[in-house]
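Inspection log for the structure reproduced underneath, given as structure tokens.
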Amino acid sequence: MFVRHGPRAKTSPARTSPIPPVVSPSVQVVQPIAIIERDEPLIGVSMSLPESFISCAEGEVFHRPEGVICFLPTSLLFQEGEWNWHVNSYATVYDTPITGKILDAALFVLHDDLESKVVLPTNMLMLTEHFYLPEWHQNFMDQFVKFSAIYERWVEVEYGESEDRHKYLAMKKALQNWRDTCDALIVSTNFSTNWSIPAFFPVYNMYCTKACTEYFQKQKKMHAFKEEWWDAYSREALVIIDEWRRMFVSHTSPKLIPFP
């Protein structure tokens, strides 16, 4: 998760120290209050509301897109009426390990050659009809086919036989949203070499939350005399992850913007 800025969770204005940086294998959560100017209008909101990040996102990102967005990654720019990544700084499929049930799905896909059954979405299919296809476009589509098959298998195994039909349909919808996001990214204004497939958020969120929990549990064991202190930081980190999740579900994913 490429987190440069984020919300503070129920903290006092005087406290500006960052939470511990290791939250996932690729996550560094940075404390925004220490870097926001005191005359910034958003600072009062971020200090007073437990859901400030969502509130700011609603009020600033999509209602006033021409303004300076203090909490967005600097690589996510508003161009020609749309949000676009200027460089490939979004979270990718390679920011999470292929282990456990994801690895099982990958092995099943390889054994049964399920990649051959993946249908390319509209933009990718259009690009394949060109006589010359740049190498980075082909690499991107190859990654898409591979992970589309893996995630399809994972969703079916994890949720296909679940008694909660609503959860299964929600995961299918999330998977289609991820595919549409990949398809939109390959024809975006700044798409270039070395751009990878965006992370599939349900999987990414699962690994980030697990890594966060394991990190703080380890710190508690190593520094037992600070157990309450680590518990407090753990709760704060999980709140931040949850607000980023809500930001993605409510605002970013509907616009097919890869998760930062």
Side-chain angles (χ1 to χ4, degrees), residues 1-7 23-24 26-27 29 51-65 69 71-96 102 118 120-124 140 143-144 147-148 150-152 154-156 158-159 164 166-191 195-209 212 238-260:
M1 181 164 58
F2 207 96
V3 181
R4 297 169 179 77
H5 305 279
V23 179
S24 83
S26 62
V27 174
V29 180
E51 297 179 3
S52 59
F53 187 61
I54 300 301
S55 301
C56 291
E58 292 174 342
E60 297 292 318
V61 180
F62 299 105
H63 295 172
R64 294 199 303 166
I69 313 303
F71 52 82
L72 280 180
T74 55
S75 300
L76 186 58
L77 305 177
F78 191 72
Q79 300 173 313
E80 300 179 356
E82 296 182 352
W83 285 101
N84 291 303
W85 284 98
H86 181 62
V87 294
N88 56 334
S89 297
Y90 50 85
T92 76
V93 291
Y94 297 108
D95 289 326
T96 56
I102 298 296
V118 174
L120 291 176
T122 305
N123 293 331
M124 294 187 194
F140 188 89
Q143 292 178 35
F144 172 82
F147 284 96
S148 183
I150 291 173
Y151 293 145
E152 176 74 29
W154 178 75
V155 168
E156 290 298 326
E158 285 293 291
Y159 302 95
D164 189 344
H166 175 75
K167 182 176 291 187
Y168 172 68
L169 294 176
M171 290 300 297
K172 293 287 285 185
K173 183 178 180 180
L175 183 59
Q176 184 58 50
N177 177 267
W178 171 80
R179 287 170 171 154
D180 293 341
T181 299
C182 294
D183 197 41
L185 189 61
I186 199 172
V187 293
S188 64
T189 304
N190 304 305
F191 185 83
W195 284 46
S196 297
I197 294 294
F200 179 38
F201 185 75
V203 171
Y204 189 74
N205 181 63
M206 174 181 68
Y207 277 114
C208 283
T209 304
C212 178
L238 291 173
V239 167
I240 291 173
I241 290 176
D242 188 58
E243 290 196 2
W244 274 93
R245 178 188 63 80
R246 293 168 59 191
M247 166 69 175
F248 174 75
V249 172
S250 300
H251 303 298
T252 312
S253 63
K255 292 183 176 291
L256 306 180
I257 301 173
F259 185 69

Going by side-chain contact (heavy atoms from CB on, under 4.5 Å), Trp244 matches just one of Ile241, Ile240, Asp242. Which one?
Ile240
For residues Trp195 and His86, report the shortest heavy-atom separation together with the two atoms involved.
CZ2-O, 3.9 Å
Minimum side-chain heavy-atom gap Phe144-Ile186 below 4.5 Å
no
Between CD on residue Gln176 and CG on residue Asp183, distance to nearest 0.5 Å:
9.5 Å
The single option from Ile197, Thr252, Ile257, Leu256 passing side-chain contact (heavy atoms from CB on, under 4.5 Å) against Thr181:
Leu256
For the student: nearest non-hydrogen atoms of Lys172 and Val155, plus distance:
CD-CG1, 4.0 Å
Regarding Glu152 and Arg179, does a basic nitrogen lie under 4.0 Å from an acidic carboxylate oxygen?
yes
What is the distance from atom CG of Leu185 to atom OG of Ser196, rounded to the nearest 0.5 Å?
10.0 Å
Spacing of Glu243 atom CD and Arg245 atom CZ [to the nearest 0.5 Å]:
10.5 Å
To the nearest 0.5 Å, tell me how far Phe259 CZ sits from Asp95 CG.
11.0 Å
Roughly how far, to the nearest 0.5 Å, is the SG atom of Cys182 from the CG atom of Leu120?
11.5 Å
Should Ser253 and Phe201 count as side-chain neighbours, where that means a heavy-atom distance under 4.5 Å?
no
Ring centre gap for Trp154 and Tyr159 strictly below 6.0 Å
yes
Could you grab the distance from atom CG of Asn205 to atom CZ of Phe248, nearest 0.5 Å is fine?
9.5 Å
What are the two closest non-hydrogen atoms of Pro198 and Val93, and how far apart are they?
O-CG1, 3.2 Å
Please name all residues satisfying ring-ring contact (aromatic ring centres under 6.0 Å, His included) with Tyr168, sequence neighbours left out, ordered by chain then number.
none
Identify, with sequence neighbours excluded, every residue that meets ring-ring contact (aromatic ring centres under 6.0 Å, His included) alongside Tyr151.
Phe147, Trp178, Phe200
